[in-house]
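Reading through the structure tokens given below for one structure.
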Amino acid sequence: MLRRIAINTGGGDAPGLNAVIQAATLAASRLGWEVFGIREGYSGVLDPDNYPDRGLVRLTPESVRNISHLGGTILGTVNKGNPFKVTESLPGGMVVERDRSEDVLAAFREHRLDALIAIGGDGSLTIANHFHQLGLRVVGVPKTIDNDLQSTVLTFGYQTAVSFATECIDRLHSTAEAHRRLMVVEVMGRYAGWIALNAGIAGRADAILIPEIPYSIEKVAQHIRDRNRPYSIIVASEGAKPVGGDVTVLAREAGRQERLGGIADRVAAQLQEMTGKETRSVILGHLLRGGAPIALDRVLGLTFGAAAVSALQQGMNGVMVALQPPCIKFVPLAEAIAQMKLVPPSGEGVLTARALDICLGD
Ligand code: F6P
């Protein structure tokens, strides 16, 4: 029987995290369980000197009452805190990696925590699955603005990101038109083009570049020259790459995924040169992760949080909550993290874009 559960949030934040925390806390409290949040991924557990009570924060119906509409996460998050690969600097400057997973399991035993609700993207859910394999009772909740997790049609945060990106693109139309310019807008999404494709379609873009369809810059320039419109908007996913080329990388740091970024500048310079039209670039970046979740993401987060508790109550373990309309399903964590969910190059979204005469660079 479950008495005490923990919740953590890991990886990049996404609007709707607090809605999940609220619903899971309320649903678990109704069952008489005690709920604890872990500060900043697993940092509180791994770094007891800097986090009182191993970073455990008691969550009660009162403490989470008014948080579902807030962006960010009340627990904090990190995207370099893998307890299976903790980097430590030795005297003399050498950096080593240590597996500290046993410390996390010991903290769960010490605090009599019976289960973990891990809210995260592919990286955090991979860690959660490792803990599940080591015997911890775990239920995962899919979070990422990138919408790139298998087995769920939507992750919360994604629709907020698409809405805000669309609003930004809407605004760029008037200034682009006033100056008769090309505007290249870069959006996040990592290796998946969901945000770019849908914000680009909604925002009436002339061209959309996504990682799943390598682009030819000549074809984009040709499209712009042929249409000869007073101005044009090009939406570029940060992970888009030219045919035969590679992604544009901002930084590579040990123990972290490569940071993508810079494609808008690159494409803007090329298009200005090739079309002769004055061109500007805009990077939306972390603006897509900030701010309040739209109502759809609040509802999705609340639904996922309640479902995660229901999964634990039903005795499930090692599963992820998934939206498979019209139902919420529970899929093995291993299945959800096995591969990324990418935009199908012949799927409805791409076909719609082509029908709207939007150039995809191919
Ligand atoms: O995975 C979410 C995401 O926002 C990606 O779209 C983006 O590439 C990355 O995180 C940025 O991470 P960071 O916050 O470390 O810059």
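Residues take their numbers from the sequence shown, with the count starting at 1. Side chains are part of it too, since the values below use all heavy atoms of this structure and drop only hydrogens, waters and symmetry mates.
The two atoms that bring L260 and V247 nearest to each other are CD2-CG2, 3.8 Å, heavy atoms only. Residues A336 and L149 come closest through the heavy atom pair O-CD2, 3.8 Å. Heavy-atom minimum distance, L197 versus V343: CD2-CG1, 3.8 Å. Minimum heavy-atom separation, S237 to A196: CB-CB, 3.6 Å.
Comment: D362 engages R354 in a salt bridge, judged by a side-chain N to carboxylate O separation of less than 4.0 angstrom. Ion pairing between D170 and R204 holds under the 4.0 Å rule for side-chain N and carboxylate O. A salt bridge links R54 and E110; the closest N-O separation between the charged side-chain nitrogens and carboxylate oxygens is under 4.0 Å. Contact check on E34 versus R112 returns no salt bridge, with no Lys/Arg side-chain nitrogen under 4.0 Å from an Asp/Glu carboxylate oxygen. Ion pair R100/E102 not flagged as a salt bridge, since none of the NZ, NE, NH1 or NH2 atoms sits closer than 4.0 Å to an Asp/Glu carboxylate oxygen. D114 has no carboxylate O lying under 4.0 Å from a charged side-chain N of R4, or vice versa, which leaves the two without a salt bridge. Comment: K85 does not engage E97 in a salt bridge, judged by the lack of any side-chain N to carboxylate O separation of less than 4.0 angstrom.
For D99 (side chain) and S101 (main-chain N/O), a donor-acceptor pair under 3.5 Å exists by modelled atom type. Remark: the backbone N or O of L59 is not paired with any side-chain donor or acceptor of S63 at under 3.5 angstrom. Counting only distance, with no hydrogens or angles, the side chain of N18 and the backbone of I74 share a donor-acceptor pair below 3.5 Å. Judged by distance alone, with hydrogens and angles left aside, the side-chain atoms of W194 form no donor-acceptor pair with the main-chain N or O of G189 at under 3.5 Å. With hydrogens and angles disregarded, a donor-acceptor distance shorter than 3.5 Å links the side chain of E186 to the backbone of G262. In this structure, the side chain of E238 engages the main chain of R190 through a donor-acceptor pair within 3.5 Å. The closest donor-acceptor contact from the side chain of S163 to the backbone of Q159 lies under 3.5 Å. Of the possible polar contacts, one joining the H173 side chain to the G203 backbone as a donor-acceptor pair under 3.5 Å is found. No donor-acceptor distance shorter than 3.5 angstrom exists from the side chain of K341 to the backbone of S151, with no hydrogens or angles considered. Side chain of S43 to main chain of E40: a donor-acceptor pair is present (N/O by atom type, distance under 3.5 Å, no hydrogens or angles).
Residues M274 and I224 fail the side-chain proximity criterion, which asks for heavy atoms closer than 4.5 Å. Side-chain contact between F36 and N8 is absent, with no heavy-atom pair separated by less than 4.5 Å. Residues Q150 and Q339 form a side-chain contact, since some pair of their non-hydrogen atoms from C-beta on lies under 4.5 Å apart. For the pair E278 and L182, the minimum side-chain heavy-atom distance is 4.5 Å or more. Side-chain contact check for D206 versus I234: every heavy-atom pair is 4.5 Å or farther apart. For the pair P211 and L342, the minimum side-chain heavy-atom distance is 4.5 Å or more. T144 has its side chain out of reach of N147: every pair of non-hydrogen atoms, C-beta onward, lies at least 4.5 Å apart. Between T155 and F304 the shortest side-chain heavy-atom distance does not fall below 4.5 Å.
Within a 6.0 Å radius of CZ in R30, no more than 12 heavy atoms belonging to other residues, nucleotides or ligands are found. Within a 6.0 Å sphere centred on CD of E258, heavy atoms belonging to other residues, nucleotides or ligands number more than 12. Within a 6.0 Å sphere centred on CZ of R180, heavy atoms belonging to other residues, nucleotides or ligands number 12 at most.
S68 and R298 form no side-chain donor-acceptor contact under 3.5 Å, judged by distance and modelled atom types alone. Side-chain contact annotation: E348 with T352, donor-acceptor N/O pair under 3.5 Å absent. A donor and an acceptor atom, one from each side chain of N198 and Y158, are located under 3.5 Å apart. A donor and an acceptor atom, one from each side chain of Q22 and R65, are nowhere located under 3.5 Å apart. Side chains of T77 and D13: no donor on one and acceptor on the other come within 3.5 Å.
Note: the hydrophobic cluster containing F156 also contains I328 (ILVMFWY, side chain heavy atoms under 4.5 Å, direct or indirect links). I233 and F164 fall within a single hydrophobic cluster, where Ile, Leu, Val, Met, Phe, Trp and Tyr side chains are chained together by heavy-atom contacts under 4.5 Å. V35 and I119 fall within a single hydrophobic cluster, where Ile, Leu, Val, Met, Phe, Trp and Tyr are joined by side-chain heavy atoms under 4.5 Å apart, directly or via other members. Under the 4.5 Å side-chain heavy-atom criterion for grouping Ile, Leu, Val, Met, Phe, Trp and Tyr, L136 is connected to L134 within one hydrophobic cluster. Tracing side-chain contacts under 4.5 Å through hydrophobic residues (I, L, V, M, F, W, Y), one never reaches V45 starting from I7; they form parts of separate clusters.
From S281, atom OG reaches atom CD of Q272 across 10.0 Å, with rounding to the nearest 0.5 Å. One finds the CG atom of L323 at 5.5 Å from the CG atom of L154 (value rounded to the nearest 0.5 Å). Interatomic distance, CD1 of I5 versus CD of Q313, reported as 11.0 Å (0.5 Å rounding). For the atom pair I210 CD1 and K241 NZ, the distance stands at 11.5 Å (nearest 0.5 Å). With values rounded to the nearest 0.5 angstrom, L351 atom CG is found 11.0 Å from L356 atom CG.
For the side chain to side chain contact (heavy atoms under 4.5 Å, CB included) with L209, the qualifying choice from V184, L360, V220 is V220, the only one to do so.
Under a cutoff of 6.0 Å and an axis angle of 45°, R39 and Y51 do not form a cation-pi pair.
Between H130 and F84, the two ring planes are perpendicular [angle over 60°; tilted spans 30° to 60°].
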